[in-house]
Q: 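Structure in structure tokens, see below.
All heavy atoms count here, side chains included; hydrogens, waters and symmetry mates do not. Quantities reported herein were computed from a predicted structural model and do not represent experimental measurements.
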Amino acid sequence: MLEKQLQGIRDKNAGQDIQGTSVIANLPFLMRQNPAETLRRVLPKVREVLHVAGVEMQLTAAVSFLTILQEESVSIHTYAHSFLQVILLHLEHRDAGVSNAWLETLLSVIEVLPKETLRHEILNPLVSKAQLSQTVQSRFVSCKILGKLTNKFDAHTIKREILPLVKSLCQDVEYEVRSCMCRQLENIAQGIGTELTKSVVLPELIELSRDEGSSVRLAAFETLVNLLDIFDTDDRSQTILPLVKSFCEKSFKADESILISLSFHLGKLCHGLYGIFTPDQHLRFLEFYKKLCTLGLQQENGHNENQIPPQILEQEKKYISVRKNCAYNFPAMIVFVDPKHFHMELYSTFFCLCHDPEVPVRYTIAICFYEVLDALIDHLPEILELMSNGGESTVQENKLSSLPDLIPALTAAEQRAAASLKWRTHEKLLQKYACLPHIISSDQIYYRFLQRMFTIMMTNNVLPVQKAASRTLCIFLRYNRKQEQRYEVIQKLIEQLGQGKSYWNRLRFLDTCEFIIEIFSKSFFCKYFFLPAIELTHDPVANVRMKLCYLLPKVKSTLKIPADKHLLQQLEMCVRKLLCQEKDKDVLAMVKRTVLELDRMEMSMDAEQLEKEKQQNDGRPMSDKTFEKKRKEIKKSKLIRSQSFNNQAFHAKYGNLDKCASKSSTAAYTSSVSGLTKTSIISLTDDSFRTRNASSAPTSFSPNTALPSTSRGTGPRVASLTTDELVRQGTQE
């Protein structure tokens, strides 16, 4: 391959430039493959060709040399030895684009070259390159190199060798050179520190700000604005402020390009000079900003663009840029006037920018508002609370009557967020809507927001957004005190999600169950959601069963003994069925891990219920000793179940039900039964565990439909079975 590349460079036939350019573009690849041979055989040929190369080949070479540097194909020492002189040789190419390309490569090389190489190869030649006897292009390049070199040397070297060159170029006879050097003063100031900046850079900037060339004055103004943080209060008030004031006053008489730059930097300028303005100066700058915001609008007369002279059309485009920059700086101006004075000082200007006839201006004010949108959403609860408390009345309904547009605005905001591609903003907005129960009535939430949360949960394609809607819906439900509305919401959650046709909806139901466990009381979950949740052990989709297994420890944590003993038995039967019947290896592995976690969990004990049971038995209060004995018995029962589960999880073969009914499995069932109760257990054919027919799941609710209730003390009836019957029933499964 190397021979082909060499042949491509040597070829003198037609198309040589195209082939040579291709070879040079391939240099980074050759350096990665065989750097030594490429440097020895290819690079010398490249040097020869570049002497007579056209613009395209030169540009390609500059990019390839930079790529080799960035990929670190060779050491810095080798790179400097092989490539640096080629780069320096072509810096002053007659084509400005080529010269700039090689300059950009050199500036990147300067970042990594050792100090001694920089001094001998770059700094020392600059002394002659920066002289007036050299070409304008040479002096122009010298300005940019000096700006890059400043932070590479110590203060003594900078003061002795670099700053004299800087001063000389700031006073160059060509305004392009003065302007270029002026723009490098910011980098130089960063490298030399505050003292040298005040004694050397600031005087140069003051002189350049009065230059006869408008581009030089503009460069001086922008550099001063960018260096405001370096100067102390005295420098800003006594030196910089008068310069800025003079610049602003003369700007309307100057080229429109001055106004474009001034309008762009005005926010930064007002922020940097904040605190040193007199009240009169503060007012003058504010009025100046307002004037810029309406620049060119007075000339609007409805003429067709084809009838407007080209010079007027160009001027109007510049005015649009000025107003667009004013829109960009609007947040900084809010800080400048103090948010408390916004309505009096800036609202009319804000209104004007929002209704500007030009789309770029309106778009920028919208984007500018979007820059604080995340912060706005973060503080939405506080904002809405302040809005709702804005009146004197303490009755919430009366407060909101003064804000008739609030609910339509909130619903419209959510719909726009949903229609955008910014799903994180949509997610955050839905999370913050959880504050609405403190702001508006439960009826307003029920009729305007609840159904929307359901729709998002069932139709949105972004999981975090669905979860945010689910959690917010749970909070809405938590604060809703109307039993009919609560009942309907619970019914919808169970039927449209828990029993939905889409497995995705059933997964979201389990997410909702997790939020309900977090937000509601344990008894609420047990009463309405315990059985619908564990019924999903029969779900035909492995992912649903997997997620249920993950949730089971949290489900178990809602139970209290002895009040929820019947629910605990149902939970254990579900786990036992999964151990025996699960075919999916990933789900089965999850079941085994869940069993171990369930075994390690300590059950919550209902001390009050234990006391009642004891009093019912013999009419005597339960002593601490008796209570502890009862607790140990429950723990011992748990240990027996744990041994049973472990025996099944690690020794039974789960491939088919016949093996699950083997002798060892029967023994495990007998052990499990003895751990649960001595003579009773829930029937394994209980209706609550029948597999759902997905096609028959209702899609809407009737208020008369009964909900599955598992409230404490009202559990399903327990069937009395003998031990032999239990063993036979376990074998049949």
Side-chain angles (χ1 to χ4, degrees), residues 62 66 69 80 84-85 87-93 96 99-209 211 213 215-224 226-227 230:
L66 179 58
L69 173 74
L84 184 56
Q85 288 303 317
I87 296 171
L88 293 171
L89 182 63
H90 296 283
L91 275 178
E92 298 177 34
H93 195 278
S99 177
N100 286 333
W102 284 113
L103 178 60
E104 291 303 315
T105 300
L106 178 63
L107 295 179
S108 297
V109 173
I110 288 174
E111 289 286 349
V112 295
L113 286 179
K115 189 180 297 185
E116 285 306 310
T117 304
L118 287 173
R119 177 185 293 277
H120 291 102
E121 301 294 339
I122 297 176
L123 180 57
N124 290 344
L126 272 183
V127 176
S128 63
K129 295 288 185 183
Q131 299 302 313
L132 284 173
S133 57
Q134 298 293 321
T135 63
V136 172
Q137 181 65 22
S138 176
R139 300 193 316 264
F140 188 86
V141 167
S142 298
C143 292
K144 294 196 173 183
I145 293 175
L146 284 171
K148 201 72 171 180
L149 284 177
T150 309
N151 61 356
K152 294 296 180 180
F153 293 98
D154 56 84
H156 177 72
T157 303
I158 293 171
K159 189 174 181 179
R160 184 167 57 93
E161 300 184 35
I162 294 180
L163 289 183
L165 294 174
V166 171
K167 287 183 177 182
S168 173
L169 291 167
C170 282
Q171 298 167 10
D172 196 278
V173 295
E174 298 294 337
Y175 75 90
E176 297 101 326
V177 177
R178 297 197 303 274
S179 177
C180 182
M181 192 66 254
C182 184
R183 293 193 179 279
Q184 298 304 316
L185 290 179
E186 181 182 350
N187 293 330
I188 291 169
Q190 306 272 347
I192 64 178
T194 304
E195 292 304 318
L196 278 176
T197 298
K198 291 174 65 176
S199 62
V200 178
V201 174
L202 185 56
E204 294 296 331
L205 281 173
I206 293 172
E207 186 173 348
L208 291 168
S209 67
D211 196 278
S215 63
V216 180
R217 295 197 304 271
L218 181 59
F221 168 75
E222 293 178 354
T223 303
L224 277 170
N226 292 333
L227 291 177
I230 291 182

Q: For T117, run the side-chain contact (heavy atoms from CB on, under 4.5 Å) check against I110, I122, L84, L123 and tell me which one passes.
A: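 Going through the options one by one, the only one that passes is L84.
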Q: Start with the C-alpha distance between R183 and E222, add both sets of side-chain angles, then the distance that settles salt bridge (Lys or Arg N to Asp or Glu O under 4.0 Å), and finish with yes or no.
A: CA-CA 8 Å; R183 293 193 179 279; E222 293 178 354; 2.6 Å; yes
Q: With a cut-off of 6.0 Å (strictly less than), are more than 12 heavy atoms of other residues, nucleotides or ligands near NZ of K152?
A: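 Yes, enclosed.
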Q: For F153 and K115, which heavy atoms make the closest approach, and how far apart are they?
A: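 So the two residues come closest at CE2-CG, 3.5 Å.
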Q: Out of L205, T150, N226, which one pairs with L185 under the side-chain contact (heavy atoms from CB on, under 4.5 Å) rule?
A: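 That would be L205; it is the only one of L205, T150, N226 passing the side-chain contact (heavy atoms from CB on, under 4.5 Å) with L185.
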Q: The test is side chain to side chain contact (heavy atoms under 4.5 Å, CB included); show your working for V173 and R139 and say whether it passes.
A: CA-CA 11 Å; V173 295; R139 300 193 316 264; 4.2 Å; yes
Q: To the nearest 0.5 Å, tell me how far Q190 CD sits from I230 CD1.
A: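 Spacing of CD (Q190) from CD1 (I230) equals 5.0 Å.
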Q: With a 4.5 Å cut-off on side-chain heavy atoms, are M181 and E204 touching?
A: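 They are not in side-chain contact.
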Q: Before you tell me yes or no, could you show the steps for Q137 and S99 under side-chain hydrogen bond (donor to acceptor under 3.5 Å, both in side chains), namely the whole-Å CA-CA distance, both residues' side-chain angles and the distance that decides it to 0.1 Å?
A: CA-CA 9 Å; Q137 181 65 22; S99 177; 2.5 Å; yes
Q: Nearest heavy-atom pair of R217 and D211: which atoms, and what distance?
A: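 Heavy-atom minimum between the residues: NH1-O, 2.9 Å.
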Q: Starting from the C-alpha separation in whole Å, work towards a yes-or-no answer on side-chain hydrogen bond (donor to acceptor under 3.5 Å, both in side chains) for E121 and Q85.
A: CA-CA 8 Å; E121 301 294 339; Q85 288 303 317; 2.6 Å; yes
Q: Is T223 reaching over with its side chain to a backbone N or O of E186, donor-acceptor style, under 3.5 angstrom?
A: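 Here the side-chain-to-backbone pair does not exist.
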